[in-house]
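To keep things clear, I will list the structure first and then write my remarks on it.
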2 protein chains.
Amino acid sequence: MERVDDLQDEKASGWRQRAVSRSLSAVRTRAERRVQRLLDAAFELIDERGTSEFTIQDVVERSKQSLRGFYQYFDGKDELLFALLEESIRESVEDIRESVEPESEPLKRLRAFTIRLHEWCGPLGTQQKRGAHNRLPLSEFSLQLAIRDPERVAAVMAPISRMLVELLDAAVAADALRATDTRRAALLIQQTVMYSWLMNRLAGKTGVQVTAEDAWEFCLHGLGG
Amino acid sequence: MERVDDLQDEKASGWRQRAVSRSLSAVRTRAERRVQRLLDAAFELIDERGTSEFTIQDVVERSKQSLRGFYQYFDGKDELLFALLEESIRESVEDIRESVEPESEPLKRLRAFTIRLHEWCGPLGTQQKRGAHNRLPLSEFSLQLAIRDPERVAAVMAPISRMLVELLDAAVAADALRATDTRRAALLIQQTVMYSWLMNRLAGKTGVQVTAEDAWEFCLHGLGG
DNA sequence: AGGCGCTGGCAATTAGATTCTCATTTTGGG
DNA sequence: CCCAAAATGAGAATCTAATTGCCAGCGCCT
């Protein structure tokens with residue numbers, strides 16, 4: 001399905017481009033629309049049901065496609081999930097970057113990153129952002145996927161990890177923080193921030209909750225700030 | 001492995017009661033032996049395969065029971081999983097307590113707790129403990145179960161949480177630590193320590209790993225020690 | 001026009017969990 | 001020791017959801 005003469009053109013930037021041949025532009029357009037519909041349908045289901053447990057059938061029906069079609073584009077359910085996760089992380093990275101940019105001091109930048117990331121991973125606060133998706137279900141499956149395919153998840157989350165390491169390096173360089181290994185520090189921060197919703201859920205009705213601020217304070221001092 | 005009979009009198013754990021309460025005292029002994037066999041078989045499978053993904057069939061065959069029998073004692077697979085988790089946590093609490101007792105200073109006690117808990121939740125180190133089970137698969141479970149039934153998991157982990165809060169309260173009382181809310185602090189510590197194996201797995205081959213020591217330092221400073 | 005890949009619609013297959021049925025065995029009471 | 005009720009064992013049947021297979025149109029490219 002891939003033609004040699006297509007490869008000499010501009011460098012493709014994402015999986016979307018590489019996935020479909022350009023010589024068959026009409027087919028490609030159709031295919032992309034199709035894939036997009038599947039993704040949209042899946043997102044809708046997640047938002048509506050507040051859970052990541054939909055069936056392929058649901059997705060197919062909602063998107064008015066056929067099972068046959070689904071398996072034409074995705075090797076299986078996991079592939080769909082990864083695609084959703086990738087898409088979602090793309091959005092969040094963009095959003096977080098916007099949130100970090102206006103700050104100039106290394107520590108404030110790091111703080112902005114932390115707080116925003118926390119918001120992205122947890123349940124929607126009272127202040128719903130634009131037409132953003134309900135991200136909790138996605139966090140849930142990132143957890144499940146991390147258990148059965150950690151490398152894949154790591155790859156998908158790489159953009160976030162990279163940004164975090166950069167911010168940490170900057171902070172260390174500016175002497176605002178001391179950390180022997182920023183990558184290790186990044187792991188600790190990610191864990192604390194991205195999955196605090198899990199512990200909050202476990203805490204349940206006891207009323208104790210770890211807020212974005214709490215998480216930030218904990219990380220900051222934890223790294224000796 | 002045949003240490004079941006003496007449980008008849010002492011206070012049985014939650015799942016044990018639930019599982020056996022249906023049949024009354026006479027059959028009880030037999031029933032308990034049966035339940036125990038199922039649990040042993042499940043533990044064996046987990047240890048051998050290093051994963052928590054066995055089928056009920058496997059368990060039934062290994063324990064020389066029948067499906068009928070399995071469902072007589074457990075309402076479903078989740079019940080079995082919870083039973084295993086409960087059992088495993090019982091062991092760990094015991095072990096952690098032994099590890100904490102010899103220490104007298106509040107901070108050292110807290111440290112002992114943290115380090116030991118970390119060892120319990122992660123992959124087996126080079127120093128295998130007694131006939132201890134491979135606990136990583138169980139940690140994986142606990143994570144999955146925490147996603148679909150958080151309250152239940154919270155209940156099962158309560159003994160650990162309680163111990164931690166006590167240690168924290170003691171440390172705060174001794175002025176060795178300042179924390180506005182020890183329960184919140186407990187959540188953060190649990191999260192950092194119990195699930196660092198997940199992040200380590202995500203870090204994968206990059207070589208960066210969070211050790212028990214790292215986790216402890218992070219928590220200690222994070223809480224302002 | 002003709003061929004071929006893309007598609008829709010569906011039946012078939014697979015894997016596991018959970019239930020059901022029936023023949024046997026065990027238990028408790030007389 | 002004998003019987004009715006409860007407990008079991010074996011294995012078939014049912015169910016859910018994912019994944020594949022099959023076949024007949026349809027539209028695009030040459």
Side-chain angles (χ1 to χ4, degrees), chain A residues 1-6 19-38 41-42 45-46 49 51-84 137 141 144-145 148-149, chain B residues 4 8 18-39 41-42 45-46 49 51-84 137 141 144-145 148-149:
Chain A
M1 80 170 57
E2 204 159 324
R3 307 288 320 199
V4 181
D5 45 307
D6 300 325
V20 188
S21 166
R22 209 175 307 158
S23 71
L24 306 172
S25 61
V27 178
R28 184 190 65 166
T29 302
R30 206 172 15 157
E32 286 208 351
R33 175 174 307 127
R34 220 164 264 263
V35 167
Q36 192 57 49
R37 271 210 200 150
L38 288 168
L45 285 169
I46 288 178
R49 305 190 182 171
T51 172
S52 54
E53 284 168 29
F54 51 80
T55 71
I56 304 290
Q57 275 298 340
D58 292 334
V59 175
V60 164
E61 280 170 24
R62 164 86 53 142
S63 63
K64 300 191 202 306
Q65 313 271 307
S66 66
L67 265 184
R68 183 70 187 61
F70 175 84
Y71 284 101
Q72 169 104 39
Y73 297 113
F74 296 98
D75 280 344
K77 192 175 186 179
D78 277 6
E79 294 304 313
L80 173 63
L81 306 194
F82 273 116
L84 292 173
F141 63 58
Q144 305 194 165
L145 292 176
R148 71 169 171 282
D149 194 349
Chain B
V4 194
Q8 194 163 326
R18 281 194 299 282
V20 182
S21 63
R22 309 178 182 188
S23 50
L24 288 181
S25 54
V27 230
R28 189 185 197 134
T29 298
R30 197 169 30 147
E32 287 212 353
R33 176 173 307 129
R34 221 162 264 250
V35 167
Q36 190 58 48
R37 272 213 200 147
L38 288 168
L39 292 176
L45 285 170
I46 288 179
R49 305 190 182 170
T51 172
S52 53
E53 283 168 29
F54 53 79
T55 70
I56 304 291
Q57 275 298 341
D58 292 334
V59 176
V60 164
E61 282 169 23
R62 164 87 53 143
S63 64
K64 300 190 201 307
Q65 313 271 306
S66 65
L67 267 183
R68 179 74 183 60
F70 175 84
Y71 284 102
Q72 167 114 37
Y73 297 115
F74 296 98
D75 280 344
K77 193 174 184 178
D78 276 7
E79 293 304 313
L80 173 63
L81 305 194
F82 272 116
L84 292 173
F141 269 180
Q144 305 198 163
L145 291 176
R148 69 170 171 282
D149 194 348

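The chains referred to below are lettered A, B, ... by the order of the sequence lines, with proteins before strands, and numbering in each begins at 1. This is a predicted model, so every value here is computed, not measured.
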| message | Suppose the criterion is salt bridge (Lys or Arg N to Asp or Glu O under 4.0 Å): which pairs have a residue in residues 51-61 of chain A, not counting sequence neighbours? | response | A/R49-A/D58
| said: By the 4.0 Å heavy-atom rule, please label B/F54 as base, sugar-phosphate, or nothing. | reply: sugar-phosphate
| field | Atom-to-atom span, CG of B/L38 to P of D/dT8 - whole angstrom | value | 11 Å
| field | Of the listed nucleotides D/dG9, D/dG21, D/dT19, the one nearest the side chain of B/R68 | value | D/dG9
| said: Distance check needed: C/dC6 P versus A/E32 CD, whole Å only. | reply: 15 Å
| If we only count heavy atoms from C-beta on, is the B/Y73 to B/L80 side-chain gap below 4.5 Å? | no
| How long is the line joining CD of B/Q65 and C1' of D/dA10, in whole Å? | 13 Å
| What do the steps show when you test B/I46 against B/F141 for side-chain contact (heavy atoms from CB on, under 4.5 Å), and what is the final call? | CA-CA 11 Å; B/I46 288 179; B/F141 269 180; 4.2 Å; yes
| request: Give the intermediate values and the outcome of side-chain contact (heavy atoms from CB on, under 4.5 Å) for residues B/D75 and B/F82. | output: CA-CA 11 Å; B/D75 280 344; B/F82 272 116; over 6 Å; no
| query | Of the residues in residues 55-64 of chain B, which ones touch DNA chain D at a heavy-atom distance under 4.0 Å? | reply | none
Would you tabulate the nitrogen or oxygen pairs shorter than 3.5 Å linking the protein to nucleotides 12-15 of chain D?
none

| Residues that A/R37 engages under salt bridge (Lys or Arg N to Asp or Glu O under 4.0 Å), provided they are two or more places apart | none
| said: Just N and O in the side chain of B/Q72: are any of them under 4.0 Å from OP1 or OP2 of D/dT8? | reply: yes
| request: Could you tell me the separation between the CD atom of A/E79 and the P atom of D/dT19, rounded to a whole number of Å? | output: 10 Å
| request: Check step by step if side-chain contact (heavy atoms from CB on, under 4.5 Å) holds for A/Q144 and A/L81. | output: CA-CA 11 Å; A/Q144 305 194 165; A/L81 306 194; over 6 Å; no
| query | What pairs with A/F54 under ring-ring contact (aromatic ring centres under 6.0 Å, His included), at least two apart in sequence or on another chain? | reply | none
| request: Write down the distance between CZ (A/R30) and P (D/dC26), rounded to a whole number of angstrom. | output: 14 Å
| Between atom CZ in A/R33 and atom P in C/dC6, what is the gap in whole Å? | 17 Å
| Which residues pass the side chain to side chain donor-acceptor pair (under 3.5 Å) test with A/D149, sequence neighbours left out? | none
| message | Quick check for you: among C/dC6, D/dA18, C/dT18, whose closest atom lies nearest to any side-chain atom of A/Y71? | response | D/dA18
| note | Atom CD of B/E53 and atom P of C/dG16 are separated, to the nearest Å, by 10 Å
| message | Show, in sequence, the C-alpha distance, side-chain angles and deciding distance for A/R34 and A/L38, and conclude whether the side-chain contact (heavy atoms from CB on, under 4.5 Å) test is met. | response | CA-CA 6 Å; A/R34 220 164 264 263; A/L38 288 168; 5.5 Å; no
| query | Given C/dG8, D/dT8, C/dC6, which nucleotide is nearest the side-chain atoms of B/R34? | reply | D/dT8
| note | note: B/F70, atom CZ; D/dA7, atom C1'; distance rounded to Å ~ 18 Å
